[in-house]
Structures are given as C-alpha cells and as structure tokens.
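Notes follow the structure.
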Protein chains: 2
Amino acid sequence: MPGPTGRRPRLNRDRVLHAAVALADEVGLEALSMRRLAAELDVVPMALYKHVADKEALLDGMVDVVVGEIEPPAPGVEWRDAVRGRVLSARRALLRHPWARRALETRTTRTAAVLDQMDATAAAFLTGGFSAELTHHVMHALGSRMWGFTQELFDDPAAQGPAAPPDPATMRAMAERYPHIAAIALTTTHEDGTVVGRGCDDQAEFEFALDLMLDGFARLHEQGWRPPQPAV
Amino acid sequence: MPGPTGRRPRLNRDRVLHAAVALADEVGLEALSMRRLAAELDVVPMALYKHVADKEALLDGMVDVVVGEIEPPAPGVEWRDAVRGRVLSARRALLRHPWARRALETRTTRTAAVLDQMDATAAAFLTGGFSAELTHHVMHALGSRMWGFTQELFDDPAAQGPAAPPDPATMRAMAERYPHIAAIALTTTHEDGTVVGRGCDDQAEFEFALDLMLDGFARLHEQGWRPPQPAV
DNA sequence: ACCTGAACACCGTTCAAGT
DNA sequence: ACCTGAACACCGTTCAAGT
C-alpha cells in the first residue's frame, strides 16, 4: 500500500536535494533536519540515507544545487566584466536561498560545482593576462565575495524578514554609547532611510566593495605587480 | 556534600564563560554542548541556566570574551595604522580561538564588546577626516576583515590541525579537471610550498588583501570621494 | 540564591529486518 | 534495490523540588 493519495514517486538523490533546498528556503537551515525532510517527503528518516551519505553530504548537495544556479557571463568579455558578472550572478543565486550563505561557509569539502566556479574565476584573471601569482593573491582577496556575500557588520546575518526597528529610547541610548556607529549609521545612502534596522547589505554596498577590489586588482595588474622577492 | 575532592568553587557567569571558551578551544564548537560544559564544571546541566539564559547567550558571552582580547592600537596614530593595528590584533585573538570565527559569524545580537570594536574602528576613520558616508561604505567593505578573518576558498575552514595532503593521483586528476586552480595553487608564495594542502590563509594573504583595501580607502579619501547624487 | 532530578520533545545514525 | 521499525546515544530546555 503506497498510501491512499498515491504520491511518493520514489526517492532519488535529485528529489531529496531539491526537497531539502525547498524546505530550507521555507523554514531555514536551523529547522532543517533529516527527520523533518523525511516527513516532508512522506518517508521514514532512514530512507534518505540510501541517497545521501549523511547530513553533511546533504548540505554539500544543497550547496551544489545553489552554486549550479550561477550563470556564466557572456563569453569573450574582459576579465573585469567576467569576474563582476559571475560574482553578481552568484549573489542573485544566494539571495534566492538565504540559508545558502551559511551552508557555504560551513562546507569543508569543495564539491564539483564549487570548484567549477573557482576554476572559471581563476580562468578569467589568467586569460586577462594576470600572472599566476597575482591571480592567486586576488582570488584570496576576493574571498567570500566570490560567492556574492560579505560578512555583515550591522544587520542580522540570519535575517529572514525585516527585523523589528529599535524603539526610539534604545536608539538614543545606543547613539550615546556608540557615537561613531550612530554617526555613520544615520547616513541615508540607503533607499529606505532606516539604516540601522534594515537594508545595509544591499546591492549598492556590495557593488561599492566589489568595485573597490576590482579597481585595486586592475591597478596592480597594470602596474606589473611582481611577487616580493623572498628574503634569502 | 559538595563532592569528595572539595572542588566546585561555586559557579558564576565568568567561570561559565571562561570554561566554555577553554572547552571550545579544546574540543571545538561542534562538540561544545550545555551538557558537556556542565559535566566539565562538575555540575548538573540546568545549573548553567542560572548564569546564562540559553545556549545562544552562552555563545554571545564567549564571543565577547574573545573580542575583549583585542588590544586597542597606540593612541594618536594615523587612521590607517589605527585600523590596521586593530584588525591585526583581532586576527591574533581569533587565531588563538579557532572556533571564534564561526561563532562570530552566527551571532545575531551585537554584544557590547563587538559594538565597542565597531565604534572604535568607525572612530578611527572619522577622526582621520573621512566623511560619515565614506566611513559607512568602507566599514561595509571591510566587513568580516575587521575581525581578522576572511572566508577561505581553498582551505578547510574548520581545520584544527594540518589536513592530510592529497595523494599524487588525486592531485593529477584535480589538475586536469581544474587547470586554472592548479595553475594558481602551485605558485609557491607560501612558506612550505604545499599550497593546496595547507598554509593559504596565512598572514601574507591576509595582509595583502587588507592593504589592498586600505589603499583603496586612502585613495577615495584623498580624492575627496562624495556620495553619488540620488537620481531624483 | 543557587543547584538538582526527572521529564519532554527533539536530534543523527546503527542495525537487522522486510518487500 | 529500496524502504521500514526499533533502538542508541545524544541534544536544549521545562518544571517542580530541594537546600
């Protein structure tokens, strides 16, 4: 008896992974458990283990699904546009799956899709004429920005919805204790003007930092940067 | 009967926090549980809850302990040295407590020590003559580098000890599939020459990226950067 | 004021068994 | 080949009780 409704079209790795992505999209990474995912698939927990080695492997697979959504830039563009386009595409993918940033941070095994993205980014620098040494350094400098995210300083990193704005009294107390944070928080470069409460890791901030780095990379490249001589 | 050995000098928040830091240093963040910490303190799990609201609050407190280890730079130095010194001090603190980076990333409430560090960094830019707007942007651009870490692309982010170097056959297969990663991985700017296996997020890479950013900040500041006019 | 004991509602994962 | 059931060794946290 396969159940009265006749669902459960048989499990496979892809169905498990996509169900996990959908569930994480819905309830967040903390609430994603093997048992809950199994329930969602109308199956006993242990059934998952035929398609995924353990929870770590599940998370690896989920990251691969999201990273696989990154679109390659148009072929033949300059290194700067290639890198920029790839990073901004990664960012769009990560914004679609808010949990993915955290999952990516905790991954220890580099899966195929992750390595593909890294290889393609390295390729953009190298074919743009960067030396291997400089490419190595700029890849490191890019760091997590390659995946379209940055560690946030102001906002709730787990923010699913808008955080409750602090009440005026708290705001005033904060401003007194942390005058410099208050000074910069109240610059309304952000669309909605409610900077402390929301909207700081927005597209403008991300692109500001990304372009700052790309400018730096371009400058080093143009100036013919050479690795420092080892002090023998 | 307080136990045959007569230990357990009575719990308090500080003892709980420092025991938690020591335990995480020893066994890692994943193995740190309320129950295990309680056992370490020779106390029943629920005893902890008198001194710490819940596990999240415990992690907040642990982060505060580590962030509190960051030393302020010598007073009166230029903004660049102030920021650089603070960041490198933060890095030293985080290297002493390898779990702290992950804990910091997952914190959602900004605790006092964290806000102090942010306020002091903002102060360095502002007293260096940066506008509030530019300070806002560069603080975002600095991001997690303010805490002395960057998301790593190559290495095991949870690496406690040195990872096992990949065997030659795997290396060759990797190099074929990911030629550009191989090309940049084999640049031996690193002290031990075993780049893929170890030693990538070393001090040199970190300072390269940090100085690249600081150079960018200095250039924008010197050029009198102004916020882009809103398109009204 | 501080700690304890027992219990609740969860986890990930093993093993041996079913079809 | 794929799924199940029961069990094991854990979690964080509640509640009511002890001293």
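Lettering of chains follows the sequences in order, A, B, ..., and the numbering in each one begins at 1.
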Check every strand shown and say whether B:M46 touches a base, only sugar-phosphate, or nothing at a heavy-atom separation below 4.0 Å.
base
Candidate nucleotides D:dG12, D:dC3, C:dG12, ranked by approach to the side chain of A:S33 - the nearest
C:dG12
Hey, mind stepping through A:I181 and A:M174 against side chain to side chain contact (heavy atoms under 4.5 Å, CB included) and telling me if it holds?
CA-CA 9 Å; A:I181 293 178; A:M174 286 275 289; 5.7 Å; no
note: A:E30, atom CD; C:dC11, atom P; distance rounded to Å ~ 13 Å
Identified pairing partner of C:dA6, criterion: Watson-Crick or G-U wobble below 3.5 Å:
D:dT14
Distance, rounded to the nearest Å, where A:R36 contributes CZ and C:dC11 contributes C1':
14 Å
Closest of C:dG12, C:dC3, D:dG12 to the B:Y49 side chain is D:dG12
Against A:D60, only a single residue in A:K55, A:R107, A:R110 fulfils salt bridge (charged side-chain N to carboxylate O under 4.0 Å, His left out); can you say which?
A:R107
Just compare D:dT13, C:dC3, D:dC2 and give me whichever is closest to any side-chain atom of B:P45.
D:dT13
Distance check: side-chain N/O of A:H51 vs OP1/OP2 of D:dC3, anything under 4.0 Å?
yes
Please report the distance separating the C1' of C:dC2 from the corresponding atom of D:dA16, rounded so that it comes out in whole Å.
15 Å
A:K55 side-chain proximity, nearest of C:dC3, C:dT13, D:dG12
C:dT13
Side chain of B:V43: nearest nucleotide among C:dT13, C:dT4, C:dC2?
C:dT4
Do any side-chain nitrogens or oxygens of B:K50 fall under 4.0 Å of OP1 or OP2 in C:dC3?
no
Only pairs with both distances under 3.5 Å count, Watson-Crick or wobble alike; so what is the partner of D:dA1 in this structure?
C:dT19
Are a donor atom and an acceptor atom from the side chains of B:T111 and B:D64 found within less than 3.5 Å of each other?
yes
